[in-house]
Structures are given as structure tokens and as C-alpha cells.
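The block underneath contains the structure these notes are about, expressed in C-alpha cells.
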Amino acid sequence: MNIGIFGGTFDPIHIGHLIIAEQAWQSAGLDEVWFIPAASPPHKPGQGITPAEHRVAMVRLAIRDHPKFRLSTVELQRPGPSYTVDTVRQLCAQHPHDRFFLIVGGDMVNDLPNWYKIEEILQMVDIIGHARPGTKTDALPPEIEEKVIWVQDPVTVNISSTQIRRQLARGASGRYLLPEPVRKYIKGKRLYGT
């Protein structure tokens, strides 16, 4: 199978995440997309992250109606920082007959040269990039640029989990920004100051 892996804190998962995954799935002809909540993202040290049980529950609720979306807790089961190279290495070892593609936003594609052990990552997977308007990639090194498959004509939603957390804390409903089951879960569990 061709499998897209989509990592993040998903704190909370929102409509923008689902749009990126759906368009990567369709554009690259993937068989499945696996959502992988991070345990301890190395690029967010010391930041308070909602406990994993809630983030996993929200991802599960958000993707439950999509027949090709799956939840993987591989990073939550591993101690230490959630380095992408470790996740890719583990998945490739556990599923040697499958081909993996790493799904990332356009801004993260531009940051790929700074990723921990990017050379090793690129030996194991191709990248599916979801560019936002204004994303410029002409500065990418050729060895990275040739590994990137861009989503054609991407629909972009310029929202972030940080922005949604702030709005929820101010009493906003989160309606239309969050999948409805996720919005109800957040309210029921009183997350993010709701």
C-alpha cells in the first residue's frame, strides 16, 4: 500500500488538518493516511500540550467517518522526543512491503533542510507538500526538491490549533473550525478553558 503519514500535536485537530490529509490522499493516490499524534515534539520543548489521551480521542472522532484515514499511536508508545526519522524508520521496519509518504504543510517543506536527520528521512520516504498561497520553494536544495510531490491546486484554510485554542479560551464556539464531534468533546471535557 501507499500510505501517507501525517504527524502533529493535533491539539486540537481541526478542519485544516483534515483538508490537508484529504487532498494529499486524493492528489497522490494514497491507499490510506495515518494520523500520528506526537508525544513530545522536539520543536515545541517546554510547551504545555494537552494530555495524549484527549488528543488521541479527538483524532479518533475527527477521522471516524473516513474509510481511508487511520490513527497510529506509534509516537506515543515511544519514550523521548518524537523525531520524525525515528517514526519513519520504525514504520518502514514494521511494514516493509508498504511505501510511506510524509505529508507536510508548505511552510514545513521550506524548513526540511533543518530537520533532524533529513537525509535519512529522504532515503525512506517521499514528501507530499501542501503549499499555501505564497509558498516559495525555489530555495530548496535539489536533493530535497526532487523528493517533494506537491498537491495540485490545494485548497488552504489558514487556521492553526494555537489560534483555535485562543478563541476557545475567549468563549468562541469553534463551530466550523473543528469537526463537530471534536467540538463537542472539547466542550464536554472542558478543554482549552471552555
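Note that the coordinates shown come from a computational prediction; the quantities given were computed from them, not determined experimentally.
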Open item on the list: Keeping Ser72 on the side-chain end and Ile36 on the backbone end, is there a donor-acceptor pair under 3.5 Å?
Closed with: no

Q) Any idea how Tyr83 and Tyr116 line up, ring-wise: parallel (<30°), tilted (30 to 60°), or perpendicular (>60°)? A) tilted

Any idea how Phe6 and Phe10 line up, ring-wise: parallel (<30°), tilted (30 to 60°), or perpendicular (>60°)? perpendicular

Item to check | Check: Pro96 main-chain N/O paired with Arg99 side-chain donor or acceptor under 3.5 Å | outcome: no

task = Give the cluster check for Leu71 versus Val88: same hydrophobic cluster or not, with ILVMFWY residues linked at side-chain heavy-atom distances below 4.5 Å.
result = no

Nearest heavy-atom approach of Ile118 to Pro113 is CG2-O, 4.2 Å

task = Find out if a path of hydrophobic residues (ILVMFWY) with successive side-chain heavy-atom gaps under 4.5 Å connects Phe35 to Leu76.
result = yes

Discussion item. Side chain to side chain contact (heavy atoms under 4.5 Å, CB included), that's the test. Do Leu61 and Arg64 meet it? Break it down for me.
Written reply: CA-CA 5 Å; Leu61 287 169; Arg64 70 181 179 188; 3.4 Å; yes

Of all heavy-atom pairs linking Ile13 and Pro179, the shortest is O-CD, 4.0 Å

### Task
State whether a side-chain donor-acceptor pair under 3.5 Å links Thr87 with Arg78.
yes

Practice prompt. Report the C-alpha distance between Tyr192 and Ile186 in whole Å, list the side-chain angles of each, state the deciding distance to 0.1 Å, and finish with yes or no for side chain to side chain contact (heavy atoms under 4.5 Å, CB included).
Written response: CA-CA 8 Å; Tyr192 313 118; Ile186 290 170; 3.7 Å; yes

Review point. Does the side chain of Gln26 come under 3.5 Å of the side chain of Glu22 through a donor N or O and an acceptor N or O?
Key: yes

Using the rule that Ile, Leu, Val, Met, Phe, Trp and Tyr join whenever any side-chain heavy atoms are under 4.5 Å apart, tell me whether Ile159 and Met58 fall into a single cluster. yes

Scanning both residues in full, the closest heavy-atom pair of Ala21 with Val33 reads O-CG2, 3.9 Å

Rounded to the nearest 0.5 angstrom, the CE-CG distance for Met1 and Asp98 is 5.0 Å

Handout entry: Any side-chain heavy-atom pair of Ser173 and Gln167 under 4.5 Å
Key = no

Self-check item: Criterion salt bridge (Lys or Arg N to Asp or Glu O under 4.0 Å) on Asp126 and Lys147, from CA distance to verdict
Solution: CA-CA 5 Å; Asp126 287 315; Lys147 296 287 284 187; 3.1 Å; yes

Heavy-atom closest pair (Gly16 atom, Val157 atom, distance to 0.1 Å) is CA-CB, 4.4 Å

Exercise. Is the Phe100-Trp34 ring centre distance short of 6.0 angstrom?
Worked result: yes

Suppose we call two aromatic rings close when their centres sit under 6.0 Å apart. Are Trp150 and His130 close by that rule? no

Any chance the side chains of Ser27 and Gln23 put a donor and an acceptor closer than 3.5 Å?
no

(request) Kindly check if the number of other-residue, nucleotide or ligand heavy atoms within 6.0 Å of CG (Asn114) is above 12? (result) yes

Here the gap from Arg89 atom CZ to Met124 atom CE, rounded to the nearest 0.5 Å, amounts to 6.0 Å

Inset, instruction - Would you indicate whether the side-chain heavy atoms of Trp115 and Leu102 approach each other to under 4.5 Å? - result: yes

Interatomic distance, CG@Leu177 vs CD@Gln163, rounded to 0.5 Å, equals 7.5 Å

Shortest non-hydrogen pair, Arg183 vs Gly174, comes out as CD-C, 3.6 Å

| message | Any donor-acceptor pair under 3.5 Å linking the side-chain atoms of Asp11 with those of Thr50? | response | yes

| Chi angles and distances behind the side chain to side chain contact (heavy atoms under 4.5 Å, CB included) call for Leu91, Ile3 | CA-CA 10 Å; Leu91 291 175; Ile3 300 169; over 6 Å; no

Rounded to the nearest 0.5 angstrom, the OG1-CG distance for Thr156 and Asp153 is 10.0 Å

Can you check side chain to side chain contact (heavy atoms under 4.5 Å, CB included) on Phe101 and Val125, steps first, answer last?
CA-CA 5 Å; Phe101 298 78; Val125 298; 5.9 Å; no

Shortest non-hydrogen pair, Arg55 vs Thr9, comes out as NH1-O, 2.9 Å

Q | Pairing of Lys68 and Glu32 as salt bridge, 4.0 angstrom limit | A | no

Please tell me whether Val104 and Ile19 are part of a single hydrophobic cluster in this structure, the criterion being side-chain heavy atoms less than 4.5 Å apart. no

Separation between CD1 (Ile103) and CD1 (Ile5), nearest 0.5 Å, reads 8.5 Å

### Task
Check whether Val148 and Ile20 end up in the same hydrophobic cluster, where Ile, Leu, Val, Met, Phe, Trp and Tyr are linked by side-chain heavy atoms less than 4.5 Å apart.
no

Between the CG atom in Leu178 and the NE2 atom in His14, the distance rounded to the nearest 0.5 Å is 8.5 Å

